[in-house]
Each structure stands twice: as C-alpha cells, then as structure tokens.
Amino acid sequence: MKALCWQGVNELSVERVPDPVILNAQDAIVKVKASTTCGSDLHLLGGYIPAMRAGDVIGHEFIGEIVEVGPEVNRHKPGERVVVCSVIGCGRCWACRHDQWSLCENSNPSPGITDLMWGGTTAGIFGYSHAMGGFRGSHAEYVRVPFADYNAFTIPEGVFDLDALFASDAAPTGWMGAELGGVKPGDVVAVWGCGGVGQMAARAALLLGAERVIAIDRYPERLAMTARHVGCEVIDYTTTDVAAELRERTGGRGPDVCIEAVGMEADGTGVQRVYDGIKQRLRLEQDRPIAVREAIHACRKGGSIFVLGVFSGFVDKFPLGALMNKGLTLRGAQQHGQRYIPKLLDLMAKGDLKAAYLATHTMSLDDGPKGYDMFKHKRDGCVRAVFCPWA
Amino acid sequence: MKRLVAGAVALAAAGLGAAWWAASRRRMPGAAKDPLASSRWLGITINRPPGEVAPDGHLPEPLARVDAEVRMNSAPGDRGTEIYARPRMRGEDSRTALRTALRETKSLLETGDVLRSDEEIGTTRTTLPGKVLDMALGRASEGGRL
Ligand SMILES: NC(=O)c1ccc[n+]([C@@H]2O[C@H](COP(=O)([O-])OP(=O)(O)OC[C@H]3O[C@@H](n4cnc5c(N)ncnc54)[C@H](O)[C@@H]3O)[C@@H](O)[C@H]2O)c1
Ligand SMILES: [Zn+2]
Ligand SMILES: [Zn+2]
C-alpha cells in the first residue's frame with residue numbers, strides 16, 4: 001500500500017510499504033478515508049522527537065472504515081465508519097479505567113524509553129516514533145488499530161466526515177485543556193495558539209461556560225478564523241504586549257485559566273526568541289517554552305495553566321518563582337481522547353461543535369510532502385492539510 | 001553547498017539529540033548512584049485483585065517461568081495487586097528478562113493479551129542517524145525504571 005513516510009529531518013516521501021496485518025486478536029484494520037496533519041507532526045519533522053527512523057509512517061488523526069477485525073473484537077464490525085483516537089489505550093489498566101488514557105500501561109510495546117526518560121511509561125500513539133511504541137501512522141491506505149473495542153468509535157449518522165476527523169485528536173485535546181484546566185461558568189480563559197488545537201480549546205471553554213475567551217496568535221488569517229468560527233476575542237502577539245492586554249481586558253486580574261496550545265517550537269518576540277532559538281538549535285535546550293512562560297506570568301493569582309503543546313525534555317528559564325508565589329496550578333497531558341470522543345461526536349451531531357472548517361486544504365496522499373510544507377510554513381492560510389488516500 | 005551543510009547540521013543535530021536524550025534517560029541530573037541498583041525488588045501493580053492474580057497461590061504466566069523470588073500484596077486503595085520480584089541470578093540481563101515478564105504478566109491479566117508492535121512488519125531502512133539512534137537507545141525499550 002501507499003504511505004507517507006518520515007525519511008529524515010524535514011524530509012518526507014510517499015512510499016510503497018507492506019499492508020498492515022492483524023497482529024493481536026483485539027486489533028482491527030481500518031481503511032483510511034481522511035487523515036490530517038497535526039502540530040505534533042511538526043516536532044517529528046523538525047527532529048525534536050529523536051526516536052524516529054527513516055521509513056516510519058506518520059499521521060495519527062484519522063477516520064476510516066473497518067475492513068477486518070480480529071477474533072476478540074466485540075464492539076465493531078467490518079463496514080463501520082469510525083473515528084480512531086490518536087492515543088492508544090487498553091481500556092482495562094488502572095489509568096484507562098480512571099479515564100487517563102494517555103497514561104495507559106499496556107499500549108506501548110517499547111515501554112522502557114518513556115519510563116526511563118520521564119519516570120513513567122506512557123501510552124502508544126499512532127505514527128509517533130519508536131518511543132511511543134513504533135506504531136505505523138495513518139497517512140496511509142490502511143492502518144492497524146490495536147484494542148479496537150476501546151480506540152475506534154462509530155461515527156453517528158449525520159456527523160460529516162470532516163467534523164468527525166477532528167474528534168480523533170484536535171477536538172478532544174482542546175476539550176481536555178479546558179475541562180482539566182478547570183474552566184467554570186463565568187471564567188475568563190486565554191488560549192495561546194490558534195492552530196486546530198487552540199481553536200478547539202477555545203470552543204470547548206465557551207461550551208463549558210466561560211464568560212470570555214481570548215485567543216492569541218500571530219497569523220491574521222488564523223486570528224480571523226478563530227474570531228469567526230469559535231466566536232471569541234483574539235490578540236496578535238506581534239503587535240500587542242499580551243500580558244498588558246490581558247490585564248487590561250480582565251480588570252487587572254489576568255485570565256482564570258490559561259491554555260497553552262503552542263508546544264516546544266514556540267515562536268516569540270524579542271530576546272526570548274533569540275535565546276531559546278539558539279539554545280534549542282545547539283541542543284542545549286530541548287524545548288522552547290515561550291508561551292508557557294507567558295501564560296504563567298499572565299495568569300491570575302491562584303489560577304491554572306494547562307499545557308496542551310507537546311514538550312519532550314528540559315526547558316530553561318522556567319518561572320517557578322511565579323508559579324509558587326502566585327499559587328498557580330500547572331498541568332499538562334497527552335490527550336485522554338477516549339474520555340471525550342463520544343460526547344464530542346454528540347455535540348457535532350447537534351451542531352454545537354464544528355471542526356470541518358479547520359480542513360483548509362484537502363488533497364491526495366501523493367501530495368503529502370506538499371501538504372506538510374504548506375502546513376509547516378502556514379502557507380496559503382493552511383490550518384490543516386487533510387489527505388484522502390482513496391479520493 | 002548550502003543544502004549539504006544544512007543536511008550535515010540536521011544529521012549531527014538528530015544524532016546529538018538522540019544521544020542527549022539517551023544520556024538524560026539514565027537518571028535525574030544530580031541523583032546519587034543507587035548502591036542497591038542491582039538487588040532491588042522490581043515492583044509492578046496489576047489492576048486485578050490478588051485472588052485473580054495468583055489463584056490458589058499459583059503464580060501467573062509468564063512470571064511463573066522466571067527464576068525469581070516473588071512476593072505480592074494487595075495494593076492500597078482500589079489499585080489491585082502489587083507484585084515484587086527479583087532474579088535469583090545476578091546481572092542486568094536477568095533483570096531485563098524479569099522486567100519483560102512482569103510487564104507481560106500484567107498485560108495478560110489486565111487485557112488478555114500482550115500488544116505487539118507494527119515494527120514486526122517494518123517499513124524502515126537503515127541509515128546513519130538510525131544507527132546512532134540504535135546505539136543511543138541500546139536496549140532501552142525493554143528497560144525502564146521498573
Ligand atoms: N496534548 C496533546 O495530546 C496534543 C494533541 C495534539 C496536538 N498537540 C500539540 O498542540 C500544539 C498545537 O498543535 P496544532 O495542531 O494546533 O499546531 P499548529 O502549528 O497548527 O498551531 C500552533 C500555533 O501556535 C502559534 N504560536 C507559536 N508561537 C506562539 C506564541 N508564542 N504565542 C501564541 N501563539 C504562538 C503558531 O503561530 C500556530 O498558529 C502542538 O505542540 C502539538 O504538538 C498536543
Ligand atoms: Zn496530534
Ligand atoms: Zn490502559
């Protein structure tokens with residue numbers, strides 16, 4: 001079959017690879033209908049997640065049709081239209097049972113790497129390096145879905161493909177940031193980053209009752225899209241002092257909940273940008289935490305910050321003093337999608353949550369390298385490139 | 001030329017990144033070397049009650065096949081069963097084998113299976129950065145803090 005493969009830092013190509021097969025009795029094979037680029041892939045592409053090998057199939061946010069099930073799959077049958085969670089859970093370990101699916105203890109066949117790096121094993125993720133289990137990604141004609149009863153969700157009739165697609169990763173990630181960030185009715189919420197994830201977080205905050213939501217980015221088309229489709233306020237950080245603006249919009253308090261949806265390759269202005277840029281390029285600092293620092297500084301006393309952006313290692317100049325003295329709560333996680341996907345599909349069916357508009361560029365799988373180039377450099381207003389292997 | 005230099009920088013960076021990642025995995029910066037490292041019990045918690053983990057005192061597979069001392073007790077709260085084991089033979093190899101047995105035992109009891117990786121039907125090819133990565137990671141994927 002055809003698949004989009006990582007070949008090296010900033011190098012992708014479409015290759016012929018062997019079809020995936022059922023390896024475990026609880027597996028299913030899904031024929032991929034649509035699979036989208038995600039900001040997390042940019043970290044793989046940039047070489048910031050090192051456990052990648054030339055030839056690895058990437059992609060993790062997808063929908064498709066079940067074409068084969070293993071003998072121990074009970075809840076799905078061939079022919080079903082499904083959305084699959086990007087993070088793989090077993091459904092039965094203590095973490096999965098407590099709805100912390102990205103902490104699953106049985107879904108990563110290479111558990112030692114994250115165990116040693118972070119002091120704990122984390123879940124497998126499709127197409128996300130050998131540290132996350134070495135699973136093939138979804139930018140392919142077919143993909144193997146382990147523990148299919150727990151990771152594939154039947155898409156209700158009436159939910160469009162391109163809405164359901166984002167119920168795989170961007171929408172549950174955003175929802176998790178708002179919910180576990182503790183958004184309550186009446187809160188003011190600030191969201192750093194207006195990519196797919198940030199926009200879904202902003203929408204979730206509104207649906208959870210936030211009084212005001214303010215999203216921050218630099219790209220005018222993303223800011224305009226967020227204002228229009230999410231229905232929130234926006235700030236351009238290249239022309240505005242974000243912290244000062246947030247104080248002025250919140251009676252001097254600062255936002256109650258700050259959601260960071262930018263990640264380890266954050267851009268910035270002034271000295272910070274140069275400092276982190278050089279250190280990261282020399283591998284003296286693994287991650288650039290510019291938006292995290294800003295969020296901690298801007299957050300109201302006693303407020304909370306949720307880190308949705310992916311980080312892999314150590315950061316410099318972390319404002320621990322502000323965190324401690326302002327009594328802040330800081331959390332983060334890879335998404336616990338299985339906890340939210342049924343509810344999100346419901347919201348989509350009712351029309352309360354729309355996501356299809358994020359798919360600014362739909363193309364064939366053969367155009368994968370071009371799609372990533374557009375997405376990475378945010379060319380032509382690209383928010384998400386979506387590959388349709390069979391279109 | 002510019003491309004070549006950029007390529008070399010990217011390659012070196014990927015190699016360095018991997019090596020650094022691997023170095024940072026061993027212990028926290030500044031942590032003392034553990035004098036008991038080679039004799040500590042390896043502990044794992046299984047989300048099943050002790051009666052299901054070892055019915056009538058019979059150790060579960062594949063743990064039962066490893067030459068190790070084993071003890072277990074119910075975990076605090078609703079967390080299931082804590083199993084502790086340490087190999088009778090010295091050396092990192094027997095500890096690695098025991099780690100794998102503990103993880104597989106847990107997965108079998110909790111899910112009825114041990115998940116296999118797509119790496120078995122590989123799509124990758126050997127490259128220089130890949131070799132650097134292999135060296136840096138060594139047997140890390142079977143290792144861990146466990
Ligand atoms: N936690 C999870 O499970 C999970 C899931 C999906 C994605 N992610 C992560 O979420 C992040 C965003 O993903 P995405 O798909 O939206 O990516 P994206 O690249 O489309 O969007 C990132 C946005 O952040 C903006 N940005 C950069 N620096 C900024 C700054 N200093 N302040 C404000 N905005 C800034 C960029 O302009 C861009 O629009 C990535 O790090 C990705 O890895 C995490
Ligand atoms: Zn993602
Ligand atoms: Zn699990």
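A, B, ... follow the sequence lines: proteins, then strands. Residue 1 opens every chain. Basis for what follows: all heavy atoms, side chains included, without hydrogens, waters or symmetry-related copies.
- Interatomic distance, A:Trp6 CH2 to B:Thr123 OG1, rounded to the nearest 0.5 Å: 12.0 Å.
- Proximity to chain A among residues 83-91 of chain B is not found for any residue, judged by heavy-atom separations below 4.5 angstrom.
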Residue pair A:His98, B:Asn47: steps toward the side chain to side chain donor-acceptor pair (under 3.5 Å) verdict = CA-CA 11 Å; A:His98 287 77; B:Asn47 193 22; 5.9 Å; no
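- Residue pairs meeting the salt bridge (Lys or Arg N to Asp or Glu O under 4.0 Å) criterion with at least one member in residues 13-28 of chain A, sequence neighbours excluded: A:Asp27-A:Arg144.
- In this view, B:Arg79 satisfies the salt bridge (charged side-chain N to carboxylate O under 4.0 Å, His left out) rule with no residue, not counting sequence neighbours.
- Between the side chain of B:Arg145 and the main chain of A:Gly119, a donor-acceptor pair closer than 3.5 Å is present.
- Ranked by heavy-atom pairs under 4.5 Å with chain B, the first of A:Val21, A:Val17, A:Asn24 is A:Asn24.
- Taking OG of B:Ser141 as the reference point, atom CG of A:Leu116 lies at 10.0 Å (rounded to 0.5 Å).
- Contact count versus chain A (heavy atoms, under 4.5 Å) is highest, among B:Leu146, B:Val114, B:Asp78, for B:Asp78.
- Annotation: the span from A:Ile113 atom CD1 to B:Arg139 atom CZ amounts to 13.0 Å, rounded to 0.5 Å.
- Counting heavy-atom pairs closer than 4.5 Å to chain A, the top-ranked of the candidates B:Ser117, B:Gly112, B:Gly143, B:Gly130 is B:Ser117.
- Taking each heavy atom of B:Asp118 and A:Arg136 in turn, the nearest pair found is OD2-N, 2.9 Å.
- The choice from B:Arg99, B:Arg48, B:Glu119 that makes the most heavy-atom pairs within less than 4.5 Å of chain A is B:Glu119.
- With a 4.5 angstrom heavy-atom cutoff, B:Glu104 does not touch chain A via any of its atoms.
- With a threshold of 4.5 angstrom between heavy atoms, A:Cys5 does not approach chain B through any atom at all.
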Can you give me every donor-acceptor pair (side chain of residues 104-112 of chain A, partner residue at least two apart or in another chain, under 3.5 Å) with its distance?
unit_1	atom_1	unit_2	atom_2	d
A:Glu105	OE1	B:Lys106	NZ	2.5
A:Asn106	ND2	B:Glu110	OE1	2.7
A:Ser107	OG	A:Ile88	O	2.7
A:Ser107	OG	A:Gly124	N	3.0
A:Asn108	OD1	A:Ser110	N	2.8
A:Asn108	OD1	A:Gly133	N	3.2
A:Asn108	ND2	A:Thr122	O	3.3
A:Asn108	ND2	A:Ala131	O	2.9

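- At a 4.5 Å heavy-atom cutoff, the contact between B:Thr127 and chain A is made by side-chain atoms alone.
- Residues A:Leu23 and B:Ile121 come closest through the heavy atom pair CD2-CD1, 4.3 Å.
- Looking only at heavy-atom pairs under 4.5 Å with chain B, the residue among A:Gly46, A:Cys93, A:Gly91 that has the most is A:Cys93.
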request  = Mind running side chain to side chain contact (heavy atoms under 4.5 Å, CB included) on B:Thr111 and A:Phe147 for me, showing each step along the way?
outcome  = CA-CA 9 Å; B:Thr111 76; A:Phe147 299 126; 4.0 Å; yes
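- Neither the backbone nor the side chain of B:Leu109 comes within contact range of chain A; no heavy atom of the residue lies under 4.5 Å from a heavy atom of that chain.
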